[in-house]
Asks: 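There's a structure below that I have some questions on.
Just so you know, these numbers use all the heavy atoms, side chains as well, and skip hydrogens, waters and symmetry mates. Proteins get letters first, then strands, A, B, ... in listed order; numbering begins at 1 in each. Please read these numbers as outputs of a predicted model, since none were measured by experiment.
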2 protein chains.
Amino acid sequence: MTIQNQELKKVGLKVTLPRVKILQMFENDDVAHISAEEVYKQLQEAGEDVGLATVYRVLTQFEAAGLITKHNFDGNHAIYELASDDHHDHMVDVQSGEVIEFVDPVIESRQHEIAKEHGYEIVDHSLVLYVQPLNAKKEPKV
Amino acid sequence: MTIQNQELKKVGLKVTLPRVKILQMFENDDVAHISAEEVYKQLQEAGEDVGLATVYRVLTQFEAAGLITKHNFDGNHAIYELASDDHHDHMVDVQSGEVIEFVDPVIESRQHEIAKEHGYEIVDHSLVLYVQPLNAKKEPKV
DNA sequence: TTTACTGCAAACTGTTTGCAGTAAA
DNA sequence: TTTACTGCAAACAGTTTGCAGTAAA
């Protein structure tokens, strides 16, 4: 039995082709950050006959099960990535669309201090740096 | 001539009722962070006959003119606020929906350092803390 | 009086849902 | 053989756009 099968069973989902294929896709490093539409497209290209609605359903289930994480880097489409134990933030290269992960303990701890100073505790947070390669000609903010 | 009229002229927009009303709304402190739908609703309640499409158009124009700023706190609807010279980040109370602004020089400078370490420069960034009042019963992340 | 602006309704994009059929357990 | 899952198409929410009329300059 494959790893994906085990993971699916563990979270109480039937082992079906769409789910296995999609999970495999996320576990493949070079597609770390991907949208529903992209998942769908890749399945098509791989010759798998999976509907877009199913992709959305599976992604939603995976997120609920804690297998993947959903991000809203822009207001248009959501981006998913394999959930990992280690928290990290994101940098988006506005020219290439590439997504880079990073962690910074200083920022992390400041966030908690700031919340506490205001009488709150952090439930979740989102930090995204929109960047461009150094020495690139400067454009006004997106 | 009112302040709003001057501001509109300055950015090359005709002084029309929808624009003046909407600009006034943003300059009224207690509606600092507001969605298109909310702007529309408030206009309705004030008896102003302004279409939703116009609200969206005006908000888009105001953003292009640098009068207001657009945020995507969640993936659903955009939130706008009056543009200000001083940069700040946001804290969203997940229970009340209230939006709190804050600035932290430590976080700001770390962000630039991190980008530089990766060979990038920051074009824009977004930091949102999703928080709940201290001592509230804990719910899993949203 | 010219040209930008507006309201309306229709279009669009990303996402969700109802349903009847299909496949995992 | 039961029940979850799927594909399809239709529905949905937020936002945008074409058009004929209206108002600012």
Side-chain angles (χ1 to χ4, degrees), chain A residues 1-2 4-23 33-44 46-65 67-80 97, chain B residues 1-2 4-23 25 33-44 46-65 67-80 97 142:
Chain A
M1 145 143 39
T2 72
Q4 289 85 227
N5 289 4
Q6 293 175 38
E7 293 184 277
L8 290 173
K9 289 215 172 137
K10 206 185 313 178
V11 299
L13 294 172
K14 276 188 182 171
V15 177
T16 64
L17 185 141
R19 287 179 183 154
V20 174
K21 287 292 173 192
I22 293 175
L23 191 47
H33 300 87
I34 188 168
S35 70
E37 202 72 43
E38 284 162 348
V39 168
Y40 176 67
K41 222 178 298 171
Q42 285 207 208
L43 288 172
Q44 296 265 295
E48 304 294 347
D49 185 21
V50 175
L52 182 54
T54 298
V55 171
Y56 276 107
R57 268 186 294 232
V58 169
L59 291 177
T60 304
Q61 291 158 350
F62 282 8
E63 199 206 354
L67 293 176
I68 61 176
T69 306
K70 184 181 185 177
H71 299 288
N72 288 106
F73 293 150
D74 61 59
N76 307 322
H77 61 308
I79 294 286
Y80 298 84
Chain B
M1 147 142 39
T2 70
Q4 289 86 226
N5 290 5
Q6 293 176 39
E7 293 183 276
L8 289 173
K9 289 216 173 136
K10 205 184 311 176
V11 298
L13 294 171
K14 275 189 183 172
V15 177
T16 65
L17 184 141
R19 288 178 182 156
V20 174
K21 288 291 171 191
I22 294 176
L23 191 48
M25 228 157 117
H33 300 86
I34 189 168
S35 70
E37 202 72 42
E38 284 163 346
V39 167
Y40 176 66
K41 221 177 298 173
Q42 284 205 209
L43 288 171
Q44 296 267 294
E48 304 294 348
D49 185 21
V50 175
L52 182 54
T54 299
V55 170
Y56 275 106
R57 268 187 292 234
V58 170
L59 291 177
T60 303
Q61 291 158 348
F62 281 8
E63 200 206 352
L67 294 176
I68 62 177
T69 305
K70 184 181 186 176
H71 299 287
N72 288 107
F73 293 148
D74 61 59
N76 307 320
H77 59 310
I79 294 286
Y80 297 84
V142 225

Asks: Figure out the OH/P separation between B:Y40 and C:dT6, and round it to whole Å.
Replies: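 B:Y40 atom OH is separated from C:dT6 atom P by 15 Å.
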Asks: Quickly work out the A:D74 CG to C:dT13 P distance and round it to whole Å.
Replies: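 Atom-to-atom, A:D74 to C:dT13, this comes out as 15 Å.
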Asks: Are A:Y56 and C:dT16 close enough that a side-chain N or O sits under 4.0 Å from OP1 or OP2?
Replies: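 Negative; the distance criterion is not met.
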Asks: If we only count heavy atoms from C-beta on, is the B:T2 to B:E7 side-chain gap below 4.5 Å?
Replies: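 No, too far: nothing below the 4.5 Å cut-off.
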Asks: Quickly work out the B:H77 NE2 to C:dT15 C1' distance and round it to whole Å.
Replies: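 Rounding to the nearest Å, NE2 of B:H77 and C1' of C:dT15 are 16 Å apart.
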Asks: For residues A:L17 and A:E48, determine if any side-chain heavy atom of one lies less than 4.5 Å from a side-chain heavy atom of the other.
Replies: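 The answer is yes, as the side chains (C-beta and beyond) meet within the 4.5 Å cut-off.
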Asks: Given C:dT6, is OP1 or OP2 found less than 4.0 Å from the side-chain N or O atoms of B:R19?
Replies: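 So the side-chain polar atoms of B:R19 do come within 4.0 Å of the phosphate oxygens OP1 or OP2 of C:dT6, strictly under.
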Asks: With both distances kept under 3.5 Å, what pairs with C:dA25, Watson-Crick or G-U wobble?
Replies: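 Partner of C:dA25: D:dT1.
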Asks: With side-chain contact (heavy atoms from CB on, under 4.5 Å) as the criterion, how do B:D74 and A:N72 come out once you've worked through the C-alpha distance, each side chain's angles and the decisive distance to 0.1 Å?
Replies: CA-CA 7 Å; B:D74 61 59; A:N72 288 106; 5.8 Å; no
Asks: Among the nucleotides D:dA24, D:dT3, C:dT15, which one has an atom lying closest to any side-chain atom of A:K14?
Replies: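 Side chain of A:K14 sits closest to D:dT3.
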Asks: Carefully, step by step, assess A:I22 and A:Y40 under the rule side-chain contact (heavy atoms from CB on, under 4.5 Å).
Replies: CA-CA 9 Å; A:I22 293 175; A:Y40 176 67; over 6 Å; no
Asks: Can you measure B:L59 atom CG to C:dT6 atom P for me and round it to whole angstrom units?
Replies: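 Atom-to-atom, B:L59 to C:dT6, this comes out as 12 Å.
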Asks: Just the rounded figure in Å: distance from C1' of C:dT17 to CZ of A:R57.
Replies: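 So the two atoms are 8 Å apart, to the nearest Å.
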Asks: Looking only at side-chain N and O atoms, does A:T16 come under 4.0 Å of OP1 or OP2 in D:dT6?
Replies: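 Yes, such a contact exists.
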Asks: Going by purine N1 to pyrimidine N3 plus the second Watson-Crick contact, or the G-U wobble pair, all under 3.5 Å, which nucleotide sits opposite D:dA10?
Replies: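 Checking every strand shown, D:dA10 finds its partner in C:dT16, with both distances under 3.5 Å.
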Asks: OH of A:Y80 versus C1' of C:dG14: gap in Å, rounded?
Replies: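 It is 10 Å, rounded to the nearest whole Å.
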Asks: To the nearest Å, how far apart are A:K21 NZ and C:dA24 P?
Replies: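 Those two atoms, NZ and P, are 14 Å apart.
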Asks: Please tell me which of B:V15 and B:A78 maps to the more 5' nucleotide of DNA chain D, matching each residue to the nucleotide holding its nearest heavy atom.
Replies: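 The 5'-side residue here is B:A78.
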Asks: What is the distance from NE2 of A:H71 to P of C:dG14, rounded to the nearest Å?
Replies: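 It is 19 Å, rounded to the nearest whole Å.
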Asks: So if I take every side-chain heavy atom of A:L13 and compare against D:dC5, C:dT15, D:dT15, which nucleotide ends up nearest?
Replies: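 Selected nucleotide (nearest to the side chain): D:dC5.
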Asks: Taking the side chain of A:V58 as heavy atoms from C-beta outward, which of D:dA9, C:dT6, D:dT6 is closest to it?
Replies: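 Among D:dA9, C:dT6, D:dT6, the one nearest the side chain of A:V58 is D:dT6.
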Asks: Ignoring hydrogens and geometry, is there a side-chain-to-backbone donor-acceptor pair from B:R19 to B:K14 under 3.5 Å?
Replies: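 Between the backbone of B:K14 and the side chain of B:R19 there is a qualifying donor-acceptor contact (under 3.5 Å).
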